[in-house]
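What follows is a set of notes on a single structure, which appears directly below.
Below, read A as the first sequence line, B as the second, and so on, with proteins coming before strands; counting in each chain starts at 1. Fair warning: this is a prediction, and the values are worked out from it, not measured in the lab. Basis for what follows: all heavy atoms, side chains included, without hydrogens, waters or symmetry-related copies.
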2 protein chains.
Amino acid sequence: MVVSLEKNRPREVVIIGGGFGGLYTAKALAGANVNVTLIDKRNFHLFQPLLYQVATGTLSPADISSPLRSVFRKSKNTRVLLGEVKDINPTTQQVILNDQIVPYDTLVVATGANHSYFGKDNWKEFAPGLKTVEDAIEMRRKIFSAFEAAEKETDPEKRRALLTFVIVGGGPTGVELAGAIAELAYKTLREDFRHINTSEAKILLLQGGERILPFMSPELSQAAAEALQKLGVLIQTQTRVTDIANDIVTFKKSDQVQELRAKTILWAAGVQASPMAKVLAEKTGVECDRVGRVMVEPDLTVNGYKNIFVIGDLANFSHQTGQPLPGVAPVAKQQGEYVAGLIQLRMQGRSLPKFHYSDVGSLAMIGQNLAVVDLGFLKLTGFLAWVFWLLIHIYFLIEFDTKIVVIIQWAWNYLTRNRRSRLITGREAFLETPDVDTNTPYESPETKQTVKV
Amino acid sequence: MVVSLEKNRPREVVIIGGGFGGLYTAKALAGANVNVTLIDKRNFHLFQPLLYQVATGTLSPADISSPLRSVFRKSKNTRVLLGEVKDINPTTQQVILNDQIVPYDTLVVATGANHSYFGKDNWKEFAPGLKTVEDAIEMRRKIFSAFEAAEKETDPEKRRALLTFVIVGGGPTGVELAGAIAELAYKTLREDFRHINTSEAKILLLQGGERILPFMSPELSQAAAEALQKLGVLIQTQTRVTDIANDIVTFKKSDQVQELRAKTILWAAGVQASPMAKVLAEKTGVECDRVGRVMVEPDLTVNGYKNIFVIGDLANFSHQTGQPLPGVAPVAKQQGEYVAGLIQLRMQGRSLPKFHYSDVGSLAMIGQNLAVVDLGFLKLTGFLAWVFWLLIHIYFLIEFDTKIVVIIQWAWNYLTRNRRSRLITGREAFLETPDVDTNTPYESPETKQTVKV
């Protein structure tokens, strides 16, 4: 494996994926003596941490998206290529797209992760996840259609099912979805309907582990749980979903199987590495972990291929704590900047010590004036945490693209407590108002207790 | 046909359609001693005059939409009903929905118009129109995908076709689309691509009649045409499209048939009344005009049915000028307010003189600092007209719903000359990069002249 070192020809750096990892790599290489090709399937970078706000009607997709071409307009050494990578060839150093072949000197793979249904892919149609703009619009359609259908429903049992929202997974996305839906039902929409009382909606957050937001300190998990419960969210920990079908979610808590009839079931549980990991494994023999992430070297390269880097959610970097780093934006950002630096040093025949993640902490929004922030040295809850959450997100948002509109939007929603982006769009689903299948036999005394909790 | 007149029971007023006509009727009835039911297929009012700005990446759908429930949150006598009207029964005074029946004392039908392909419905798949949010997102996808495909295309003829945009119809929508696409190609996107020069794009506006914006004064049509040409738009008047298929639009100008290969063909030509007109005709025997609009009485009722009103684009009101009133928002607004007033007066046994439209003039946006405004007594072009256009649209936008975000968005786009909402979303079309069929035999010397014009 030869890394050519002539000084004259600028290196061809090919980056696959326009998420945080790929974007920060390309940004850090702007102006360097390399040609950068950024390949993505989409023509925009998506600020995924805020996708839940699209799904719940606060923001529009464009508010959290930055057209890749406008991000790199001024970086003349960077070209954006829209296309899907089918394969890579580490020997000939080529990336094979659906419609062309792109040669590289250095390859950076940052294609991220998708959600995983733990092999139960049939759950997907009943419990959509949240990774793309289309996912968010579909989730938004589901949530608001459920309220609309409930408004028309006369059968009390069906109405109850239409007003029952189950979120599977107690990580940040699950917590933020649960909080946002609770605010919708118990605040925003309260005066909007004439026949239903949206406050009767049940919002259930199911978490497999002992506590929600497990990556945070126990106190903060506790604080988050209390804040959610104050909003009206019912939290079930140590609860595993065993089946999802026919508007019924079945879950197991301490050997007690429970069933709950719910029209809206949202998936915020498992993730798995994107298919590119498999391609890399086949072509380079690199190992992948249980969820398909690539086991990377201390310098984020693929074992045996000094010119292939894997970063972000696609990478399993365990050289620091023994545990893989979390799949969050700051990790991807730092890894992208590390790789960009290393590429430039190598052109001078130099190198860098192994990658080291400096933990910036973690945070989650729960609702208006409610968030939790864990910076290690500093733990915040409530209003202060909420302000901190806003500032951090605004800071990251405006880094690529002035998202002044988001700030106004937030300020406005804050003042009016309204959600202006609650459009039911997409497939003509606003017509087939969702109906609930109540023919399925269904026993569940526990549930009623549960739901009464 | 009996209009019951007991004073005790509040009248049931049913409004079909949440466009300008229906919305202003309901608004004017807020607080009146009537129960208002506003029926729409969608859960939001769409500000159609700005739809072209969604299609060209300036605004997001939510920016020009107002959730109906939040518009009427405070009007406790108004309920919003999501559903599709299948039929009406004037005898039993009932509106039949897909899933329920709604009785009425007074019915207001304001279901508007769709576009018409003059019977050539097979053109639709090649030349989408612009009426719904989904239309706009699809148009946006088509426009921006064409630039992306051109960036990758090596065959010069295909590339030319990918960079050729044909807009059929020289009314306000056609003019505004042509202007916005010209600004995209010649200003906004100029620095975004590496392989293509977006300034080579051809934007062709085809108009059947003698001049664009025919409803305006000849001077203003002329001014608009010159402004568009200055932007780089090629205008062909007295030009009829005779065929659209296979990326080729065929049109006829003074007996000369021309063909033009264009990947993006947009339809801004004919409109036809929505299907409700047919239902009304069948059930009440009322006459419809050539494009299917209901011929209404001087008081906007249906002949023989004093309690059925038809307003907005669905109505043909010719009692004022002999000509039908234009299908624009101000007509719908005034008709809605007239009907609301008449309904309330009737409850006191009184009435109103026949409807009279006070013409507020017409206006069209061409591009940055460029618009035309015709108020009859006052004609504006250029910057002044543009400012006027902005103020008018902001005024109408904020009437239902504070659209502060739109103002910020516009201000921002104005300063940065960027379009932030240019997402290619929807069906996974960003992958199947559009290809041009160049196998179709195709002779067209005229076209090349034309396009060189």
Do B:Lys76 and A:Glu191 meet the salt-bridge criterion of a basic N to acidic O distance under 4.0 Å?
-> yes

Relative to chain B, which segment of A:Leu81 carries a heavy atom at a distance below 4.5 Å: side chain, backbone, both, or neither?
-> side chain

List for me each residue that meets salt bridge (charged side-chain N to carboxylate O under 4.0 Å, His left out) alongside B:Glu200, sequence neighbours excluded, and say none if there are none.
-> none

Got a second to check how far A:Leu59's CG is from B:Ser60's OG, nearest 0.5 Å?
-> 10.0 Å

Side chain, backbone, both or neither: which part of B:Thr132 has a heavy atom under 4.5 Å from chain A?
-> neither

Quick one: do A:Glu151 and B:Arg79 make a salt bridge, cutoff under 4.0 Å?
-> no

A:Arg194, part contacting chain B, at a heavy-atom distance under 4.5 Å | side chain

Heavy atoms of A:Arg422 and B:Asn43 approach each other most closely as O-ND2, 2.9 Å

Heavy atoms only: give me the nearest B:Ser65-A:Leu423 pair and the separation to one decimal.
-> CB-CD2, 3.6 Å

Which heavy-atom pair separates A:Arg42 from B:Ile424 by the least distance, and what is that distance?
-> NH2-O, 3.0 Å

Atom of A:Leu82, atom of B:Glu148 and distance for their closest heavy-atom approach = CD2-CG, 3.6 Å

How many angstroms lie between atom CZ of B:Arg73 and atom OG1 of A:Thr188, to the nearest 0.5 angstrom?
-> 7.5 Å

For A:Thr154, is it the side chain, the backbone, both, or neither that has a heavy atom closer than 4.5 Å to a heavy atom of chain B?
-> neither

Which residues pass the side-chain hydrogen bond (donor to acceptor under 3.5 Å, both in side chains) test with B:Thr111, sequence neighbours left out?
-> B:Ser274

